[in-house]
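I have a structure here, written as structure tokens, and I will follow up with some questions on it.
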Amino acid sequence: MSVNSSALQGRLCLVLAAVLWSFSGMLTRLLQNPTSLHLNEPALTPLQIAFFRALFAGLALAPLVRLGDLRFRPSMPVMVLCFATMNGLFLTSMSLGTAANAILLQNTAPFFVFLISVFFLGEAADRKSLIALVIGSIGMLVIVLGGGQLTQRFDVILMALGSGLTYGFVVLFLRALRDISPAFLAMQNHLGSAFFLSLGVLCWYGSTYWLEWLQTPTLRQLMYLACFGALQMAIPYWLFARSLRTVHPQEAGAITLLEPLLNPFWTYLVAPETDTPTVYTFLGGFLIIGALGYRYLWKA
């Protein structure tokens with residue numbers, strides 16, 4: 001197989017991964033809103049959705065991990081905790097707010113990576129990244145301050161930004177652990193995320209609530225969550241890891257910008273009453289996506 005055809009396959013894997021990732025808002029809304037599927041009864045909390053989605057994604061990834069891939073590093077538990085926090089904050093912010101705001105604010109992760117790398121890891125700051133950071137920050141402020149959201153949904157905004165920050169830490173950990181099997185890291189993050197989310201509920205609410213919390217979903221909901229985790233999380237992570245064998249990480253970052261562009265659209269189709277983007281979302285999202293596109297695509 002030629003280098004060009006291998007790179008093309010890698011790019012197609014990235015496009016498919018981004019499209020599958022973009023269904024998170026729509027699939028979450030189908031669990032919350034009344035539809036012909038009747039998946040909203042009994043009502044599941046955002047943390048329940050996050051827990052079962054991560055659990056089934058991790059189980060789906062397990063067959064891809066070989067015995068020789070099992071290696072331990074001291075930083076791994078911290079990475080998994082960051083992934084669990086990101087997972088819980090993202091789905092909670094999307095459940096309580098709009099999918100558009102949640103996904104756009106989570107995509108501030110590259111800016112947090114840049115700040116952490118420069119100010120804490122001592123890496124050199126390049127001009128292109130700095131310009132992208134300024135533009136993206138303006139877009140973030142437009143979303144946060146637009147339409148009085150700062151006073152109405154401050155906690156939801158903080159959750160979405162928190163998911164972006166913890167996502168940034170996950171990216172840094174994955175970069176530091178790049179010699180470890182991607183399938184093992186992805187499985188570890190998802191199963192570890194399920195463990196930490198479950199442990200948090202147990203410690204916070206007690207064993208009685210925890211047992212009820214685990215037993216709430218019906219068989220229909222569990223089957224749906226299994227497909228949710230496998231199709232929207234496990235497969236895209238596997239495709240993303242596979243693509244990085246032939247595609248440069250910066251190009252991969254640019255291609256996966258399809259996710260924040262498509263996510264609000266799919267969600268609007270199933271829940272227009274709660275997920276119609278405002279003009280501030282469009283403007284702020286344009287600035288954030290434009291900043292990331294400039295960072296990854298602009299050749300100057």
Practice task
For the residue pair Glu259 and Leu20, establish whether any side-chain heavy-atom pair is separated by less than 4.5 Å.
Solution key: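 No, their side chains stay 4.5 Å or more apart.
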
Handout entry: Check against side chain to side chain contact (heavy atoms under 4.5 Å, CB included), Met26 and Asn263
Key = CA-CA 8 Å; Met26 182 188 76; Asn263 187 304; over 6 Å; no

Practice task
Please lay out, stage by stage, how Leu30 and Asn33 fare under the test side chain to side chain contact (heavy atoms under 4.5 Å, CB included).
Solution key: CA-CA 6 Å; Leu30 288 175; Asn33 297 352; over 6 Å; no

Exercise for the section: Please step through side chain to side chain contact (heavy atoms under 4.5 Å, CB included) for the pair Val270 and Arg29, ending with a clear verdict. Expected result: CA-CA 7 Å; Val270 299; Arg29 286 291 183 260; 4.0 Å; yes

Exercise for the section: Output the distance between atom CE (Met86) and atom OH (Tyr167), rounded to the nearest 0.5 Å. Expected result: 7.0 Å

Problem - Selection residues 19-46 - residue pairs positive for ring pair (Phe, Tyr, Trp, His ring centres under 6.0 Å), sequence neighbours left out - result: Trp21-Tyr237, Trp21-Phe240, Phe23-Trp266

Practice task
Decide side chain to side chain contact (heavy atoms under 4.5 Å, CB included) for Leu172 and Ile116; before the verdict, give the C-alpha distance in whole Å, the side-chain angles of both, and the deciding distance to 0.1 Å.
Solution key: CA-CA 9 Å; Leu172 289 171; Ile116 295 168; 3.5 Å; yes

Practice task
Return yes when atom CZ of Phe83 has more than 12 non-hydrogen atoms of other residues, nucleotides or ligands closer than 6.0 Å, and no otherwise.
Solution key: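 Yes.
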
Practice task
Kindly indicate whether the side chain of Leu44, heavy atoms from C-beta on, has any atom under 4.5 Å from the side chain of Leu225.
Solution key: yes

Exercise for the section: State whether the number of non-hydrogen atoms from other residues, nucleotides or ligands found under 6.0 Å of Tyr209 atom OH is greater than 12. Expected result: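 Yes.
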
Problem - Tyr268 atom OH, over 12 foreign heavy atoms within 6.0 Å - result: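 No, because the 6.0 Å sphere around OH of Tyr268 holds 12 heavy atoms or fewer from other groups.
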
Problem - Pairwise side-chain contact, Leu64 with Met187, heavy-atom cut-off 4.5 Å (strictly under) - result: no

Handout entry: Validation row: Leu177, Ile180 side chains within 4.5 angstrom (heavy atoms)
Key =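 Yes, at least one pair of side-chain atoms sits under 4.5 Å.
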
Fill in the blank from the handout: Value for OH (Tyr224) from CD1 (Ile49), rounded to nearest 0.5 Å, stands at 9.0 Å

Practice task
Taking all heavy atoms of Pro46 and all of Leu91, pick out the closest pair and write down the distance.
Solution key: CB-O, 4.0 Å

Exercise for the section: Considering non-hydrogen atoms only, spot the tightest contact between Thr28 and Ser95 and give its length. Expected result: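 Nearest pair, atom of Thr28 first, then Ser95: CG2-OG, 3.9 Å.
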
Practice task
To the nearest 0.5 angstrom, please state how far the CE atom of Met233 sits from the OG atom of Ser24.
Solution key: 8.5 Å

Handout entry: Shortest non-hydrogen contact between Gly88 and Leu197, atoms and distance
Key = CA-CD2, 4.3 Å

Handout entry: Side chains of Arg11 and Leu16 in contact at under 4.5 Å (non-hydrogen atoms)
Key = no

Exercise for the section: Check Ile135 against Leu287 and note the closest heavy-atom contact, atom names and distance. Expected result: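 For Ile135 versus Leu287, the nearest heavy atoms are CG2-O, 3.6 Å.
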
Problem - Interatomic distance, His190 atom NE2 to Leu55 atom CG [nearest 0.5 angstrom] - result: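 Nearest 0.5 Å value for the NE2-CG distance: 11.0 Å.
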
Problem - Shared hydrophobic cluster for Phe282 and Ile138 (ILVMFWY, side-chain gaps under 4.5 Å) - result: no

Practice task
For Phe119, look at atom CZ and say whether over 12 heavy atoms of other residues, nucleotides or ligands are found less than 6.0 Å away.
Solution key: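 12 or below, so no.
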
Practice task
Treat each ILVMFWY residue as a node, draw an edge where side-chain heavy atoms are under 4.5 Å apart, and state whether Leu27 and Leu222 are in one component.
Solution key: yes

Problem - Point-to-point distance, once rounded to the nearest 0.5 Å, from CG of Asp69 to OG of Ser181 - result: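 OG of Ser181 is found 3.5 Å from CG of Asp69.
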
Problem - Student check: side-chain heavy atoms of Phe51 and Trp213 closer than 4.5 Å - result: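 Yes - at least one pair of side-chain heavy atoms lies under 4.5 Å apart.
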
Handout entry: Non-hydrogen atoms of Leu59 and Leu191 that approach each other most closely
Key =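 Smallest heavy-atom distance, with atoms named: N-CD2, 3.9 Å.
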
Exercise for the section: Answer yes or no: is there a donor N or O on one side and an acceptor on the other, between the side chain of Gln48 and the main chain of Thr45, under 3.5 Å? Expected result: yes

Problem - Side chain proximity check, Leu239 to Leu14, heavy atoms < 4.5 angstrom - result: no

Handout entry: Pairwise side-chain contact, Glu41 with Thr218, heavy-atom cut-off 4.5 Å (strictly under)
Key = no

Fill in the blank from the handout: Taken to the nearest 0.5 Å, the spacing of Phe184 CZ from Phe72 CZ works out to 9.0 Å

Exercise for the section: Decide whether Met223 and Leu39 are clustered together by the hydrophobic rule: side chain heavy atoms of Ile, Leu, Val, Met, Phe, Trp, Tyr closer than 4.5 Å, transitively. Expected result: no

Completion exercise
Taking every heavy atom of Leu89 against every heavy atom of Ser163, the minimum-distance pair comes out as CD1-N, 3.9 Å

